[in-house]
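Have a look at the structure below, then the notes.
Note that the structure is predicted; figures quoted are calculated from it, not measured. A note on names: the letters A, B, ... follow the listed sequences, proteins ahead of strands, and every chain is numbered from 1.
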Number of protein chains: 2
Amino acid sequence: MSDRSQRRRDLTRQEIKQTARNQLVTGGPNAISLRAIARDMGITAPALYRYYPALDSLILELCTDLYTDLRVACEVVRDQVAPEDHEGRLLVMVREFRRWVLSHPAESTVIFGPPLPGVDQFHQQCQDLSHAGVQFGQIFIDPMLALYHQGRLPVGKAIVDAHDHAHGDVPPEVYTYFLLKWTQFYGIIMAEAFGHLSWAVADAEPLFEAEVTAFTESLIR
Amino acid sequence: MSDRSQRRRDLTRQEIKQTARNQLVTGGPNAISLRAIARDMGITAPALYRYYPALDSLILELCTDLYTDLRVACEVVRDQVAPEDHEGRLLVMVREFRRWVLSHPAESTVIFGPPLPGVDQFHQQCQDLSHAGVQFGQIFIDPMLALYHQGRLPVGKAIVDAHDHAHGDVPPEVYTYFLLKWTQFYGIIMAEAFGHLSWAVADAEPLFEAEVTAFTESLIR
DNA sequence: TCAGATTAGTGAACACCGTTAACGCAAGGA
DNA sequence: TCCTTGCGTTAACGGTGTTCACTAATCTGA
């Protein structure tokens, strides 16, 4: 295959994913359909099989894009804070995390919700740092690690070990602390995004800010 | 309609829901299909429309059943602990919560995951105590309230108010504390159940127990 | 007991869906 | 120039939710 046609091929794959994402945004995860994608692109459905072997693999690749988008969004706000202000960098990233999720409910459903068919494989391929999901976690681990080296992280006992996994060079007590905080923020953000707080409060932002405050106040100064 | 045929009708509705749940368990949320339900029941698909106006409303009613099942499971283990041991009652319920979710992944996806079509309405009908989701929350609020009256709950500022919602008689600072703890446990349990910790740890139970320990140690004794 | 109304269930049909197969066409390289 | 490769087509299979017209059974009330 020539270089020219290869580039054209990649461009079409990009367009397919973009069309799929538009349908994801407008109609939710169930609205992603090969036939609708083909319709929007002005071609027929079987033509898409020249680019993806099945719908699942399309969604799988879409997952990577979404994770990357979210990570880049967090990195953008992070880089507006002084590099030595690790606490401040963490805060703006966590807030951007919530903001992105709430403003991208459909995309969040795909990457943070229960494993859809095809997405379940996604989470099982996270054994190296190149994985988009792991990279997203990494941008939160980095400042935590810096705070740890400054003696500001109130780490507890090392309960889980990261040596066998992607983040091999992170001290186990830091990794444990990270995962605990991670699941807490995951919980309050996803509970709100998935509508599981609507019966309790009209606006979940004060709750989220309380969680953020609890984190900052737990830091050793 | 006579009493006899009404009972027969309810029985059929029950059978429909049970068949749907079997398919949910074996094939995941996407495997619930009217035609498959009808096939399993030995009837044709349009016959189901005599009992439910659409598939969505079937799933909606299934949600209530699942929430009730989970609540009953928690109440069972709760009632094996002395009534005055509110801390112990909370602990066994939280552990049972996780156990139930991990052993019922498909059902948990439906009631704790992102709103499926038809389920989104479910969470918007939670304005009274009779709602199954609210009742599930209530069994956790009760012992927390008891601990509060004993002066053992390390409540912070009252950030959210429950007066306008279902749990009207709960002090706002208790309600705030409950929601914060609730989202934390929701986070660590659902992150594990949805596979979002598989890249980090092989077994998430130590993390969960660390969260539980952090809760008990935060209680005033 | 018997006519009428209500109910459960059926089969056909419509409009979708993912996916496969066989085929045509146009461009690229030898 | 030939011919291989890749892109796109149409047709088809089996699946889905849902609606409609119709039948058969059952229940109701006089």
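- Of the side-chain N and O atoms in A:Thr44, one or more sit less than 4.0 angstrom from OP1 or OP2 of D:dT9.
- Classification of the B:Phe215-B:Tyr177 ring pair by plane angle, with boundaries at 30° and 60°, yields tilted.
- Sequence neighbours left out, the pairs with a member in residues 189-198 of chain A that pass salt bridge (charged side-chain N to carboxylate O under 4.0 Å, His left out) are A:Arg98-A:Glu192.
- Checked by atom type and distance alone, the side chain of B:Thr176 pairs as donor or acceptor with a backbone atom of B:Val160 at under 3.5 Å.
- The salt bridge (charged side-chain N to carboxylate O under 4.0 Å, His left out) check on A:Lys17 picks up A:Glu61, A:Asp65, with sequence neighbours excluded.
- Atom CG in A:Leu48 sits about 13 Å away from atom C1' in C:dC17, given to the nearest Å.
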Detail all sub-3.5 Å separations between protein N/O atoms and N/O atoms belonging to nucleotides 4-7 of chain D.
unit_1, atom_1, unit_2, atom_2, d
D:dC7, OP1, A:Arg9, NH1, 3.2
D:dC7, OP2, A:Arg9, NH1, 3.0
D:dC7, N4, A:Arg50, NH2, 3.4

Can you give the donor-acceptor pairs under 3.5 Å from side chains of residues 31-45 of chain B to other protein atoms, not counting sequence neighbours?
unit_1, atom_1, unit_2, atom_2, d
B:Ser33, OG, B:Arg35, N, 3.4
B:Ser33, OG, B:Ala36, N, 2.9
B:Asp40, OD2, B:Gln23, NE2, 3.4

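- With sequence neighbours excluded, the residues satisfying side chain to side chain contact (heavy atoms under 4.5 Å, CB included) with A:Asp79 are A:Arg89.
- At least one donor-acceptor pair closer than 3.5 Å links the side chain of B:Tyr186 to the backbone N or O of B:Phe112.
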Is there any protein nitrogen or oxygen under 3.5 Å from a nitrogen or oxygen in nucleotides 14-19 of chain D, and what are the pairs?
unit_1, atom_1, unit_2, atom_2, d
D:dT16, OP1, B:Ser33, OG, 3.2
D:dT16, OP1, B:Arg39, NH2, 3.2
D:dT16, OP2, B:Arg39, NH2, 2.6
D:dG17, OP1, B:Leu34, N, 2.5
D:dG17, OP2, B:Leu34, N, 3.1
D:dG17, OP2, B:Arg35, N, 3.0
D:dG17, N7, B:Arg35, NH1, 2.4
D:dG17, O6, B:Arg35, NH1, 2.8
D:dT18, OP2, B:Tyr49, OH, 2.7
D:dT18, OP2, B:Leu55, N, 3.0
D:dT18, O5', B:Tyr49, OH, 2.7

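- At most 12 heavy atoms of other shown residues, nucleotides or ligands fall within 6.0 angstrom of atom CG in A:Asp3.
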